[in-house]
Engineer: 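My questions will all concern the structure given below.
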Amino acid sequence: MLQLAMRSVRQRPGRFFATLLSAFLGATVIMTFNSMLDTAGASGVDPVSEESLNSAAQVVGGYGTLLVFFAVASTLTVNVRQRDAEIGLLHSVGATPAQIKWMITGEAVVVALVGTLAAVGPAVLGGQVLLEQFKDSGQVAQDVDHVFGPVALATGISITLLASAGAAFLAVRRAAKARSGTRRRGVRVRVLAGCAALAAGASGVGATFAMEKTEPMAMAPPAYGAILLAVGLAILSPALLRLVLAVLEGPLAAFGGAGAYLAVRNVRRRAAELSGTLMPLILFVALATATLYMQGVQNDAIKESGLVRTVDDKNLETLNFVIVGIIVAFAYIMLINTLYAATAYRRREFGQERLAGATPAQVMRMIGWEGLLLTLAGVLYGSLAGLAGIVAFTRFRTGSSLPDQGLGLWLGTVAAAAAATFLTSLLTAHRALRVRAVTAAAVIA
Amino acid sequence: MARRNDHEQTSTTAEALRLESVTKVYGTAGSAVTAVDHVSLSLPAGSFTAVMGPSGSGKSTLLKCAAGLEQPDSGVVVVDGTEMKGRSEAALIKFRRRRIGFVFQDYNLLPTLTVTENTTLPLKLAGRRIDRDRARDILTQVGLQDRLDHRPDELSGGQRQRVAIARALVTEPGVVFADEPTGALDTRSARDVLDLLREAVHVHGRTVVMVTHDPVAASYADSVQFLADGRLAGRLADPTVDAVAQRLAHLGDAVADQTATGV
Ligand SMILES: Nc1ncnc2c1ncn2[C@@H]1O[C@H](COP(=O)(O)OP(=O)(O)O)[C@@H](O)[C@H]1O
Ligand SMILES: [Mg+2]
């Protein structure tokens with residue numbers, strides 16, 4: 001079966017690019033941060049440097065790992081969903097469900113391993129650059145050398161493997177269940193999983209208040225909380241999308257034309273599939289708003305406490321924003337990656353729509369309206385998850401409920417999310433529309 | 001709706017479809033396949049033509065070229081007095097959704113739309129008023145009145161095929177191309193569909209070009225056009241089931257002979 005899996009990887013290199021990229025980037029981020037633990041553990045590192053490195057790795061490495069896990073898992077889920085036709089074909093030529101399950105999972109394992117190995121080089125470089133930042137900000141002594149060791153490698157491989165193989169396994173199982181008509185139970189499991197993630201997120205946010213005022217890791221619980229809330233909302237997004245649709249369907253039907261007509265039906269009837277695309281969008285919005293605002297609040301608090309002198313102060317701020325920036329950038333790339341894969345896959349559908357009489361412009365307008373619905377849902381639910389973390393952390397740090405940072409960061413995040421959604425899907429659709437309709441429609445995906 | 005269509009009828013030329021030396025080659029150099037080879041054809045408005053030939057003889061390609069879905073490598077295609085060549089994709093699509101109905105061999109229904117929505121989609125896309133009663137009438141005629149709100153993946157192959165036929169007729173097009181429209185149907189549903197196509201010709205004055213394998217289906221047409229290896233291979237007027245079957249058998253022999261002698 002592994003042989004079959006390898007052949008399948010070789011024959012469709014394009015399809016694996018999106019998953020390979022997500023495994024590669026995810027492993028790079030995880031190993032970059034976790035190499036700080038290797039570095040701190042080396043002999044001859046002074047206690048202050050060790051403490052700085054450990055806490056940074058635990059806080060950021062911790063929620064960063066959680067984010068990577070879900071981002072990689074959602075890419076894999078989208079990928080496996082797209083292979084329904086292929087899975088059905090294997091099924092019809094006599095492959096047993098177990099064989100199919102192992103083939104898809106085996107492929108995911110191969111892709112995760114290759115991605116992680118390719119990430120070692122960049123992670124070593126990234127770790128060195130990050131360590132320099134620590135030194136420049138005075139958090140770590142100048143004589144500490146970067147070490148890329150067992151902790152980085154083990155976390156990189158295990159998290160990436162677990163996320164991709166686990167997601168692939170669940171996705172094929174779900175596909176098999178859908179085929180045998182036991183979908184209802186799947187929905188119940190989904191609701192349960194979503195609620196569990198929401199509960200975990202709420203307790204993460206709540207745990208903020210259990211922290212000591214001086215605790216340097218106080219940002220960790222609300223960040224974890226925001227991510228888990230985002231994941232919970234993403235899992236429940238089929239229902240939430242219908243909520244957004246219920247509000248907007250009337251105006252869209254009245255003013256939107258044929259493009260909106262198709263968009264509304266696509267979103268409503270593919271809500272479950274779309275949750276894979278919505279996941280990275282909600283995650284990005286939640287994570288970007290939560291970490292950027294919390295970091296701002298944290299920096300202000302440090303300034304006010306007068307603990308650090310101004311030069312160090314400035315450097316520390318820079319360091320913190322670099323760290324947060326890496327994670328946010330990762331979430332952003334994953335969003336673009338998933339949107340690209342999801343739109344490129346629809347080449348056949350675009351062909352069918354044109355054969356049924358839709359002009360290329362009407363198909364583009366359909367994509368535009370879908371982008372609007374996705375962006376609205378993603379921003380709404382992502383902001384809610386992020387806000388929960390922000391309010392908890394701000395209350396904890398300053399006693400007031402909302403940070404002084406203003407709406408600028410949030411507006412910037414929303415603009416970035418909207419730009420990624422519209423540009424990626426419209427440009428990808430535009431490219432897909434260059435293929436003649438009869439040719440595109442004839443392709444068996 | 002019907003009145004508007006009558007008006008269109010008077011303005012159409014007597015010739016519904018003209019092909020002049022149409023050639024379509026797939027692939028490049030070494031692996032090139034000439035799917036349609038210098039085919040010339042003229043079909044009068046209000047005619048019902050069956051196209052028959054062995055599998056791979058170019059029937060589907062001929063239909064796609066005639067409908068402007070495929071660009072011929074050379075030759076001229078004129079539908080309802082309008083030449084297809086040199087027009088933008090958008091212009092062709094707009095022309096097609098007003099004047100041409102196409103029943104695809106693999107149905108080509110959109111999976112997120114219901115039976116009714118799939119059927120009325122061409123009207124919606126053209127910004128035309130959606131006459132739900134008329135859509136229901138057509139769907140009833142093809143026997144789908146109990147399936148209006150089902151989605152394609154909840155239908156059998158034969159039911160999907162009937163949705164595709166309803167969709168091709170709902171815009172009241174001048175020319176209908178149907179690629180094996182009864183291929184997935186049982187005898188009874190096939191007869192209903194063929195009656196519907198014949199009614200489109202004889203009652204509403206449309207022109208129907210239908211690819212089929214089935215001599216019984218072909219006998220519903222006014223004439224049968226045979227195709228072998230991408231080339232026209234004879235025509236049969238007022239076809240009967242027996243006459244068609246006989247010609248097909250000879251056509252098979254001729255092709256086999258050609259292959260055997262390597263011509
Ligand atoms: N998109 C395509 N690319 C390459 N070859 C094609 C394509 N479509 C059809 N052909 C080839 O052209 C020939 C005619 O095909 P087709 O028109 O589908 O025949 P028919 O409908 O009579 O069975 C066949 O040899 C087929 O393999
Ligand atoms: Mg064919």
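Within every chain, numbering begins at 1; the chains are lettered A, B, ... in the order of the sequence lines, protein sequences first and strands thereafter. Quick caveat: nothing in here was measured; it's all calculated off a predicted structure.
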Engineer: Can you check whether A/T359's main-chain N or O pairs, donor with acceptor, with A/Q362's side chain at less than 3.5 Å?
Structural biologist: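 Yes; judged by distance alone, with no hydrogens or angles, the pair exists.
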
Engineer: Is there a donor in the side chain of B/D179 and an acceptor in the side chain of B/S60, or the other way round, less than 3.5 Å apart?
Structural biologist: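 Indeed, the side chains of B/D179 and B/S60 share at least one donor-acceptor pair under 3.5 Å.
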
Engineer: Less than 4.5 Å to any heavy atom of chain B: does that hold for the side chain of A/R354, its backbone, both, or neither?
Structural biologist: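 Both backbone and side chain of A/R354 come within 4.5 Å of chain B.
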
Engineer: Side chain of B/E180, backbone of B/Q105: donor and acceptor closer than 3.5 Å?
Structural biologist: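 No.
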
Engineer: Side chains of B/P173 and B/R98: closer than 4.5 Å at any heavy-atom pair?
Structural biologist: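 No, side chains not in contact.
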
Engineer: Let me know if B/S88 has heavy atoms under 4.5 Å from chain A in its side chain, its backbone, both or neither.
Structural biologist: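 For B/S88, neither part sits under 4.5 Å from chain A.
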
Engineer: Is there a donor-acceptor contact under 3.5 Å from the side chain of A/R190 to the main chain of A/I235?
Structural biologist: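 Confirmed, A/R190 side chain pairs with A/I235 backbone.
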
Engineer: Between A/G351, A/G357, A/A356, A/G259, who has the most heavy-atom pairs with chain B when the cutoff is under 4.5 Å?
Structural biologist: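 Sorted descending by pairs with chain B, the first entry is A/G357.
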
Engineer: For B/L92, is it the side chain, the backbone, both, or neither that has a heavy atom closer than 4.5 Å to a heavy atom of chain A?
Structural biologist: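 Contact with chain A is absent: no heavy atom of B/L92 under 4.5 Å.
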
Engineer: Which one wins on heavy-atom pair count under 4.5 Å against chain A: B/N108, B/L110, B/T114, B/L113?
Structural biologist: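 Heavy-atom pairs under 4.5 Å are most numerous for B/N108.
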
Engineer: Counting only heavy atoms closer than 4.5 Å, note whether A/Q352 contacts chain B via side chain, backbone, both or neither.
Structural biologist: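 For A/Q352, the contact with chain B is made by backbone and side chain together.
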
Engineer: Between B/K64 and chain A, which part of the residue has a heavy atom less than 4.5 Å away: side chain, backbone, both or neither?
Structural biologist: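 Only the side chain of B/K64 comes within 4.5 Å of chain A.
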
Engineer: Identify the heavy atoms of B/P122 and B/R167 that sit nearest to each other, and give their distance.
Structural biologist: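 Looking at all heavy atoms of both residues, the shortest contact is CG-CG, 3.6 Å.
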
Engineer: Please name the residue in the list A/L339, A/I336, A/L433, A/T343 that meets the side chain to side chain contact (heavy atoms under 4.5 Å, CB included) test with A/T428.
Structural biologist: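 Running side chain to side chain contact (heavy atoms under 4.5 Å, CB included) over A/L339, A/I336, A/L433, A/T343 with A/T428 returns exactly one hit, A/T343.
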
Engineer: Counting only non-hydrogen atoms closer than 4.5 Å, does B/F104 touch chain A with its backbone (N, CA, C, O), its side chain (CB onward), both, or neither?
Structural biologist: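 Looking at B/F104, just its side chain touches chain A.
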
Engineer: Among the options A/E349, A/R268, A/R270, pick out the one with the most heavy-atom pairs lying under 4.5 Å from chain B.
Structural biologist: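 Looking at each of A/E349, A/R268, A/R270 in turn, A/R270 comes out on top.
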
